[in-house]
Participant: 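Pasting in a structure now, in structure tokens, and then I'll have a few things to ask.
FYI, side chains are in, hydrogens and waters are out, and symmetry mates aren't considered; it's all heavy atoms of this structure. Just so it is clear, the model here is predicted, and its values are computed rather than measured. Order of appearance sets the numbers: ligands from 1, and atoms from 1 within every ligand.
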Amino acid sequence: MSTRPALTLDSHRFLRGGHEHRVVSAAVHYFRIHPELWRDRLQRLRAMGCNTVELYIAWNFHQPTPGPARFDGWHDVAAFIREADSLGLDVIARPGPYICAEWDLGGLPAWLLADESLRLRTADPTYLAAVDQWFDQLIPVLAELQTSRGGPIVAVQVENEYGSYGNDKAYLEHLKDGLVARGIDCLLFTSDGPEPRMLAGGTLPGVLATANFGSRPGEAFTTLATFQPDAPLVCMEFWNGWFDHYGGPHHVRDTTDAAEALDGILAAGGSVNIYMGHGGTNFGWWAGANHTGKTLADPGYLSTITSYDYDAPIGEAGELTEKFHAFREVIGRHVPLPDTELPAQPRRVDPRTVPATRVASLRGSLDLLSAALRRPAPEPIEKLGHHCGLVHYRNHITGPGGPATLTVDGIRDLAQIFLDGHLVGVLERDDPSPTIELSVPEGGAELEILVEPFGRVNYGPHLADRKGLVAGVRLDHQHLFDWDIRVLPLDDLTALPTTAAAETDDGPAFHRAVVDLPEAADAFLSVPGSHRTLVWLNGFLLGRLRTEKGPQRTLYAPAPVWRAGANEILVLDLAAAATPLTVELRAEPDLGPIAAAPQY
Ligand code: GLA
């Protein structure tokens with residue numbers, strides 16, 4: 001078995017095979033990049049001057065439901081790491097199991113939330129048993145790819161910013177021991193915010209402490225060096241951009257300011273991981289959320305958008321931005337740049353507008369899309385064996401007729417309420433009063449509540465963010481029991497009709513457009529006039545738009561999802577706002593009005 005020089009510590013320096021070494025890394029998430037573009041994005045990162053790539057591993061991406069984890073195709077993290085290796089990049093792996101990352105539930109699988117007594121990110125035996133079976137599957141894959149076995153992995157992180165969350169050292173020790181017991185023999189490290197309490201909570205003796213920050217490198221490194229005097233200085237997440245929430249601005253970080261901060265880190269002798277080098281996309285249902293409330297029930301829920309462009313130096317569609325060139329120049333002052341040509345911009349579509357045909361109403365297609373479960377009370381999707389999807393709740397209200405107040409508690413995150421097929425109200429999670437005044441017909445009525453969950457909270461004290469209806473529904477003071485519930489992951493829409501719908505119900509509806517392309521190319525899709533949509537290209541869920549809230553008005557549709565010839569675009573128009581509906585294929589993204597990224 002061949003080995004390679006390990007990354008080791010010598011007081012304040014890193015060594016590689018006896019020589020002083022500086023880690024110049026950037027973060028890239030394989031789960032946010034179409035696998036046919038992995039190599040392209042890694043090449044760009046190498047061209048920027050990075051000698052290392054850092055990746056999180058998202059547990060829920062591999063094991064969304066209990067059962068064997070997937071490592072095939074898009075889930076083949078070993079293939080991604082080998083691709084990096086083939087380009088001469090070292091690899092830093094951050095297997096969590098919690099990763100934060102603006103990813104649904106911070107990478108933890110939603111099935112952990114089926115058990116309300118389980119305590120996430122602690123030494124709770126039920127949680128540890130779940131982590132251990134995952135590590136049994138994942139860690140041997142990573143161990144095989146370490147430098148000690150001839151691979152590119154030079155370092156592995158324990159948990160993620162644990163000091164921002166808790167203080168359970170037995171949990172951190174369990175993770176560290178679990179990595180070592182499963183064959184990890186490379187450098188271990190933790191990462192935390194550069195504050196004494198965070199460092200105290202998140203670090204372990206004998207494990208390198210690193211710090212995460214985006215500005216004022218001098219101050220951050222002083223705090224880190226005070227906490228850990230005899231070690232190299234590492235900024236494990238240099239935040240050079242930021243993420244966006246629906247209803248907020250698109251955050252950007254000034255290039256000169258970001259380049260100066262990067263230079264400050266490197267000039268101080270530090271090593272760096274640029275977060276993000278290339279952000280990518282929260283395809284499907286995978287975007288996370290934040291929560292600023294004192295409790296999860298308080299207002300303060302902020303859902304993260306589909307784009308994870310992050311204003312990174314390599315844009316969402318692989319663009320080499322102004323920041324790329326500025327960073328390359330700064331990096332070149334501190335480590336040798338590779339002698340390679342800069343990659344060209346990937347091809348983009350010729351813009352066009354395509355009409356779509358309304359092919360089916362959502363509520364009229366329920367039987368085609370999912371089976372109903374009967375439950376006494378509304379349940380969140382985690383207790384129904386699912387991890388994502390819309391949720392449809394149906395109840396028969398008996399008479400007597402007359403006015404009544406409907407109260408829907410615990411909406412996660414937006415609910416449309418239909419009485420006998422007519423939309424009677426829309427309620428959102430943070431509405432101060434989740435009630436609707438109804439007029440119940442004599443003889444009763446069919447009540448339907450269609451819930452649209454957004455991302456699960458991925459950061460902060462309130463992680464157990466179950467989706468669907470998490471409390472109860474009442475008519476005046478009477479609880480409504482005996483529900484038919486359907487979770488609609490919408491992962492297979494092939495049963496939907498392809499021609500114009502005969503029915504005319506006014507709720508959410510699927511619209512279908514067909515577009516012929518001479519060859520596959522990158523595109524940015526928008527749905528003018530719509531409010532909330534989910535958009536599929538050739539069966540692949542590109543993500544969701546909240547065009548009326550923004551900031552993002554286009555979805556990135558990468559070339560590998562297109563094909564030469566006919567392509568099918570399906571739009572689920574949830575607010576039934578855009579009639580007739582058209583889809584625009586654009587050559588440029590529209591991520592919305594910009595504002596300066598917060599500086600930490
Ligand atoms: C923290 C986390 C990352 C990410 C950034 C913000 O540093 O460790 O996963 O969430 O914040 O983008």
Participant: Can you sort out the partners of Asn282 under side-chain hydrogen bond (donor to acceptor under 3.5 Å, both in side chains), two or more places apart, ordered by chain and number?
Facilitator: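 With sequence neighbours excluded, Asn282 shows a side-chain hydrogen bond (donor to acceptor under 3.5 Å, both in side chains) to Arg32, given in chain and number order.
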
Participant: Hey, is the main chain of Ala130 close enough, under 3.5 Å, to the side chain of Gln133 for a donor-acceptor pair?
Facilitator: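 Yes, the answer is positive, given that a donor and an acceptor are paired below the 3.5 Å cut-off.
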
Participant: Any side-chain donor-acceptor pair under 3.5 Å between Tyr56 and Asn160?
Facilitator: yes

Participant: Which of these passes side-chain contact (heavy atoms from CB on, under 4.5 Å) with Arg182: Leu138, Ile139, Val141?
Facilitator: Ile139

Participant: Enumerate the pairs of nitrogen or oxygen atoms, one from ligand 1 and one from the protein, separated by less than 3.5 angstrom; state names and distance to 0.1 Å.
Facilitator:
residue: ligand 1; atom: 7 (O); partner: Glu161; partner atom: OE2; Å: 2.9
residue: ligand 1; atom: 7 (O); partner: Glu237; partner atom: OE1; Å: 2.4
residue: ligand 1; atom: 7 (O); partner: Trp239; partner atom: NE1; Å: 3.4
residue: ligand 1; atom: 8 (O); partner: Tyr56; partner atom: OH; Å: 3.2
residue: ligand 1; atom: 8 (O); partner: Asn160; partner atom: ND2; Å: 2.9
residue: ligand 1; atom: 8 (O); partner: Glu161; partner atom: OE1; Å: 3.4
residue: ligand 1; atom: 8 (O); partner: Glu237; partner atom: OE1; Å: 3.3
residue: ligand 1; atom: 8 (O); partner: Glu237; partner atom: OE2; Å: 2.8
residue: ligand 1; atom: 9 (O); partner: Tyr56; partner atom: OH; Å: 2.7
residue: ligand 1; atom: 9 (O); partner: Ile99; partner atom: O; Å: 3.1
residue: ligand 1; atom: 9 (O); partner: Ala101; partner atom: N; Å: 2.8
residue: ligand 1; atom: 10 (O); partner: Ala101; partner atom: N; Å: 3.2
residue: ligand 1; atom: 10 (O); partner: Glu102; partner atom: OE1; Å: 3.4
residue: ligand 1; atom: 10 (O); partner: Glu102; partner atom: OE2; Å: 2.6
residue: ligand 1; atom: 12 (O); partner: Glu102; partner atom: OE1; Å: 2.7
residue: ligand 1; atom: 12 (O); partner: Tyr310; partner atom: OH; Å: 2.6

Participant: Checking Asn273 side chain against Met236 main chain: does a donor-acceptor pair fall under 3.5 Å?
Facilitator: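 Yes.
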
Participant: Would you please indicate yes or no on a ring centroid separation below 6.0 angstrom for Phe31 and Trp103?
Facilitator: yes

